[in-house]
Amino acid sequence: MKVAIYPGSFDPMTLGHLNIIRRASRIFDKVVVCIMVNGSKDRAMFTPEQRVDMARRVTAHLPNVEIDYYNGLLAEYARRFDHPVIVKGLRASMDFENEFTMASINKKLNPDMETMFLTASDKYTFVSSSNVKEIARHGGDLRDFMPRELIDEVTEMARKEK
Ligand code: ADP
């Protein structure tokens, strides 16, 4: 069984993420979305548990997708699978350098895993969790950025932060 691991912070999950998950689920037997909790990203809006719960709800219709989380190195997490493929989404040049470096580091730490990239869909090249949070904080319309069922939670969380 060929397993893909799709790692990220998913704080929160966007339509760009969901697009990559859906496409990967057609290529691989199983896709494990791994919510990483050790990132050095901007401050998190949601706890890992909340992110897992939101990710599960918006992928419930995809039978070969599982959601997990891990507080540690992806190269270590990946050891539980047989020659897993790490799937990453690539949005133009802004992701390239960082992802290229990460893929090389991961290969060094765990030579059994490969990294593959799916290019972002045209519709979502401009979508990121950071700009979703920024739009929510300023009361903008999130319908082109996020799964509909998550919009209220993100809007509510942004309101509470104030
Ligand atoms: P973000 O960069 O939005 O904060 P993550 O760190 O959670 O998100 O991203 C996880 C993975 O998803 C990374 O490989 C990232 O490049 C990819 N990704 C993020 N947004 C998109 C998008 N709009 N289209 C395609 N891939 C994306």
Side-chain angles (χ1 to χ4, degrees), residues 3-28 30-59 62 65-75 77-78 81 84-107 109-110 113-138 140-148 150-151 153-155 157-158 161:
V3 175
I5 304 173
Y6 179 40
S9 28
F10 305 106
D11 180 50
M13 188 160 281
T14 68
L15 288 178
H17 295 137
L18 210 48
N19 177 263
I20 297 289
I21 294 169
R22 196 178 304 115
R23 287 159 61 201
S25 74
R26 294 194 198 120
I27 302 170
F28 295 93
K30 181 157 116 176
V31 177
V32 180
V33 177
C34 186
I35 298 179
M36 309 299 295
V37 294
N38 57 342
S40 56
K41 286 278 177 73
D42 56 344
R43 75 199 151 87
M45 182 176 256
F46 294 97
T47 65
E49 291 75 17
Q50 288 171 318
R51 285 183 253 165
V52 167
D53 175 63
M54 290 192 288
R56 287 212 172 114
R57 280 189 275 137
V58 297
T59 58
L62 299 169
V65 174
E66 278 176 21
I67 313 296
D68 199 359
Y69 79 98
Y70 190 66
N71 182 1
L73 289 175
L74 178 62
Y77 177 78
F81 302 97
V85 173
I86 307 304
V87 167
K88 306 297 300 269
L90 213 51
R91 287 159 298 187
S93 54
M94 69 174 183
D95 284 328
F96 182 77
E97 276 193 33
N98 189 33
E99 294 295 355
F100 191 89
T101 309
M102 284 307 303
S104 308
I105 293 172
N106 282 331
K107 186 81 185 153
L109 294 175
N110 181 349
M113 64 196 223
E114 293 292 347
T115 301
M116 288 188 184
F117 295 99
L118 291 178
T119 51
S121 147
D122 296 350
K123 282 194 299 197
Y124 304 126
T125 44
F126 56 90
V127 176
S128 71
S129 295
S130 310
N131 58 36
V132 157
K133 284 182 271 192
E134 201 54 26
I135 294 166
R137 285 178 187 127
H138 296 285
D141 184 350
L142 286 169
R143 284 176 296 182
D144 287 340
F145 297 79
M146 298 207 58
R148 297 279 164 118
L150 302 183
I151 291 179
E153 275 151 277
V154 173
T155 309
M157 194 59 102
E161 273 183 349

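Given the structure is predicted, the values throughout are model-derived calculations rather than measurements. Remember, it's 1-based here, ligands and their atoms both numbered in the order they're listed.
Geometrically, ligand 1 and L90 share no nitrogen or oxygen pair separated by less than 3.5 Å. For ligand 1, none of its N or O atoms has an N or O atom of D11 under 3.5 Å away. On a distance-only criterion, R91 and ligand 1 share at least one N/O pair closer than 3.5 Å. Considering backbone and side-chain atoms alike, T125 places every N or O at 3.5 Å or more from each N or O of ligand 1. Between S9 and ligand 1, at least one pair of N/O atoms sits closer than 3.5 Å.
To the nearest 0.5 angstrom, M146 atom CE is 9.5 Å from M13 atom CE. Summarising the geometry, atom CG belonging to D11 is positioned 9.0 Å from atom CE belonging to M157; distances are rounded to the nearest 0.5 Å. In this structure, OG1 on T59 lies 13.0 Å from NE2 on H17, to the nearest 0.5 angstrom. Put simply, CZ on F28 and CD1 on I5 are 10.5 Å apart, with the number rounded to the nearest 0.5 Å.
Side chain of N106 to backbone of M113: no donor-acceptor contact under 3.5 angstrom is found.
Counting the atoms of ligand 1 from 1 in the order shown, those under 4.0 Å from a heavy atom of I20 are 25 (C), 26 (N). In summary, the atoms of ligand 1 found under 4.0 Å from a heavy atom of Y124, numbered by their order in the structure, are 22 (C), 23 (N). Distances below 4.0 Å separate heavy atoms of F10 from the following atoms of ligand 1: 7 (O). Less than 4.0 angstrom separates some heavy atom of G8 from each of these atoms of ligand 1: 7 (O), 10 (C). Remark: ligand 1 atoms within the under-4.0 Å shell around heavy atoms of A120 are 24 (N), 25 (C). Near S128, meaning under 4.0 Å from any of its heavy atoms, are these atoms of ligand 1: 3 (O). Of all atoms in ligand 1, listed by their number and element, those nearer than 4.0 Å to a heavy atom of P7 are 10 (C), 11 (C). Annotation for ligand 1: atoms under 4.0 Å from non-hydrogen atoms of E99 are 13 (C), 14 (O), 16 (O).
Smallest separation of non-hydrogen atoms from P12 and S129: O-OG, 2.9 Å.
The nearest non-hydrogen atom to atom 3 (O) of ligand 1, considering only S129, S130, G16, comes from S129.
Heavy atoms of M36 stay at 4.0 angstrom or farther from ligand 1. For Y6, the closest heavy-atom approach to ligand 1 falls below 4.0 Å. Assignment of D95 to the shell around ligand 1 is supported, since a heavy atom sits closer than 4.0 Å.
We find that E153 and R57 are joined by a salt bridge, their nearest charged nitrogen and carboxylate oxygen being less than 4.0 Å apart.
Using cut-offs of 30° and 60° for the angle between ring planes, the Y77 and Y70 rings count as tilted.
The 12-atom threshold is not exceeded at CZ of F100, counting heavy atoms of other residues, nucleotides or ligands nearer than 6.0 Å. Residue F81 qualifies as enclosed at atom CZ: its count of foreign heavy atoms under 6.0 Å is above 12.
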- Item | Step-by-step ring pair (Phe, Tyr, Trp, His ring centres under 6.0 Å) determination, F46 to F10 | CA-CA 9 Å; F46 294 97; F10 305 106; over 10 Å; no
